[in-house]
Amino acid sequence: MVKTRTVVRLGEHELAISHPDKAIWPEAGITKLKYVQLLAELAPFLLPYTEGRLLTTIRYPEGIHGVSFYQKNCPEPIPDYVRTARDGAINYVVLDSVRTLLWMGSLYSLEFHVSSDELDKAPPNAWMLDIDPSLEEEPRLMEATELVLQALDSLGLSAVAKTSGATGVQIVMPIERGPDFDALRRFGKFLSEYLVARNPNLFTVERLKKDRGDLIYLDYLQHYAGKTLPAAYSPRARPLATVSTPLTREEVRRNVKPSDFHLLNVPQRLRQLGDPLAAAPRQSLGPVLAHLFGKP
């Protein structure tokens, strides 16, 4: 008889997993049960980037090659351990516990995108820039990433690049709270336009895809209240089971690819290397903004 249900134990708690042998990432050989087990390994690294934020997930009930749908409202029935937060008519999941993460995994949630703003609506604790290639395979991606990091270096700032898990990269700079989203967007616009002026054959700030050609889009608009980006260590529904992964500067210079980091190797990488983003210093961006734009 084919086994159609198994139970995962987490301390004193249990989670029933239906269809544990269902292939979720067939090319990578990852079944539903294996996925939930891998999420448990990622949890200590993923949850710090999702807690306190509104979750949008993408569910694939038949695996990555089947029908998918975005979900903002918390699935029902809602277990008593799942925290939710209402924003307008939507009752969002707040992904802040291992149990909630594994429950979402058991519901075929394969991607975890979180709001830029936090539930307490405090000033942002990070600045981000989304590097979005126009090409599905972009050989210049890490060259572009290094140029962004060098531009920040020239301002006395440091940041961490993380793969999106798809085709792009996000530059993440942990900051001390103070500047609001409008100030951070102004800084992103300044930096992006500077990079376009210096590298017109590489970068663009054109919002319409039809106007970008093969240039790499610097999207300074995506980090803003109400907008979402994939959380660090979120899996992605791509054939290789890629994971949004913070990189060391040496890896950027070594020209790694987003496809190099996936569910089958990132947990081991984290055990060996730790999380480069968690180790990044939190910087004061206020003096730089005042120098560039004057006192607010």
Side-chain angles (χ1 to χ4, degrees), residues 48-56 70 72 85-90 92 94-95 112-132 144-145 147-162 164 168-199 203-209 211-212 215-232 234 244 246 277 280-296:
Y49 301 108
T50 61
E51 60 188 6
R53 300 178 189 272
L54 304 177
L55 177 72
T56 299
Y70 281 80
K72 294 179 180 288
R86 188 166 291 278
D87 184 29
I90 300 175
Y92 287 90
V94 181
L95 187 52
F112 304 100
H113 299 241
V114 290
S115 59
S116 297
D117 47 325
E118 297 163 275
L119 290 174
D120 59 12
K121 306 298 182 184
N125 67 352
W127 171 84
M128 294 189 192
L129 179 66
D130 192 22
I131 302 176
D132 185 8
T145 300
L147 287 172
V148 176
L149 295 173
Q150 287 177 1
L152 292 170
D153 290 342
S154 71
L155 294 170
L157 300 168
S158 63
V160 174
K162 79 172 181 73
S164 69
V169 164
Q170 283 98 42
I171 304 296
V172 185
M173 183 195 308
I175 62 171
E176 295 177 3
R177 297 187 190 276
D180 61 14
F181 278 110
D182 288 323
L184 297 184
R185 178 174 281 186
R186 188 179 183 189
F187 176 69
K189 182 176 187 291
F190 165 82
L191 186 71
S192 298
E193 291 178 345
Y194 166 80
L195 285 161
V196 169
R198 291 291 300 269
N199 307 275
F203 292 122
T204 183
V205 290
E206 290 288 347
R207 295 186 65 186
L208 298 178
K209 287 186 177 181
D211 296 328
R212 297 179 197 167
L215 299 178
I216 296 173
Y217 178 45
L218 297 177
D219 187 358
Y220 59 85
L221 299 171
Q222 190 60 29
H223 181 58
Y224 201 76
K227 293 184 176 291
T228 65
L229 283 168
S234 170
S244 178
L277 184 52
R282 195 166 297 281
Q283 297 158 92
S284 176
L285 194 54
V288 175
L289 297 179
H291 176 74
L292 292 174
F293 310 120
K295 298 289 184 181

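Note: hydrogens, waters and symmetry copies are ignored here, and every other heavy atom, side chains too, is used. Computed from a predicted model, the values in this text were never measured in an experiment. For the single chain, residues carry numbers from 1 onward in sequence order.
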Roughly how far, to the nearest 0.5 Å, is the [atom2] atom of [Y] from the [atom1] atom of [X]?
| X | Y | atom1 | atom2 | value |
| --- | --- | --- | --- | --- |
| Phe187 | Leu155 | CZ | CG | 5.5 Å |
| Asp132 | Asp130 | CG | CG | 5.5 Å |
| Leu129 | Leu195 | CG | CG | 8.0 Å |
| Thr50 | Leu95 | OG1 | CG | 3.5 Å |
| Asp120 | Arg53 | CG | CZ | 9.0 Å |
| Asn125 | Ile175 | CG | CD1 | 7.5 Å |

[X] side chain to [Y] main-chain N or O, any donor-acceptor pair under 3.5 Å?
| X | Y | value |
| --- | --- | --- |
| Gln170 | Met128 | no |
| Arg177 | Pro123 | yes |
| Arg185 | His223 | no |

If I compare all heavy atoms of [X] with all of [Y], which pair ends up nearest, and what's the gap?
| X | Y | result |
| --- | --- | --- |
| Ala151 | Tyr194 | CB-CE2, 4.3 Å |
| Lys162 | Ser244 | NZ-OG, 2.8 Å |
| Tyr220 | Gly188 | CB-C, 3.5 Å |
| Ser164 | Pro230 | O-CG, 4.0 Å |
| Leu229 | Gln222 | CD2-CG, 3.6 Å |
| Ala161 | Val169 | CB-CG1, 3.9 Å |

- Task: State which residues pass side chain to side chain donor-acceptor pair (under 3.5 Å) with Arg212; sequence neighbours excluded, sorted by chain then number.
- Result: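 Result, side chain to side chain donor-acceptor pair (under 3.5 Å) vs Arg212: none returned.
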- Query: In chain order, what residues pass the side chain to side chain donor-acceptor pair (under 3.5 Å) check against Lys227, with sequence neighbours excluded?
  - Reply: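 None.
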- Message: Applying side chain to side chain contact (heavy atoms under 4.5 Å, CB included) to Tyr92 and Leu55, what does each step give before you reach the verdict?
- Response: CA-CA 6 Å; Tyr92 287 90; Leu55 177 72; 5.6 Å; no
- Flag if over 12 foreign heavy atoms under 6.0 Å of CZ, Arg198: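 Check fails, neighbour count at 12 or below.
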Hey, are the side chains of [X] and [Y] touching, using non-hydrogen atoms and a 4.5 Å cut-off?
| X | Y | value |
| --- | --- | --- |
| Trp127 | Leu191 | yes |
| Pro124 | Ser116 | no |
| Ile131 | Leu218 | yes |

- Task: For Tyr224, enumerate each residue passing the ring-ring contact (aromatic ring centres under 6.0 Å, His included) test, keeping only those at least two apart in sequence or located in another chain.
- Result: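 Phe181.
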- Item | Passing option when Met173 is tested against Leu152, Leu277, Leu184 for side-chain contact (heavy atoms from CB on, under 4.5 Å) |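 Running side-chain contact (heavy atoms from CB on, under 4.5 Å) over Leu152, Leu277, Leu184 with Met173 returns exactly one hit, Leu152.
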- Item | Leu221 vs Arg207, side chain to side chain contact (heavy atoms under 4.5 Å, CB included): CA-CA, chis, key distance, verdict | CA-CA 9 Å; Leu221 299 171; Arg207 295 186 65 186; 3.4 Å; yes
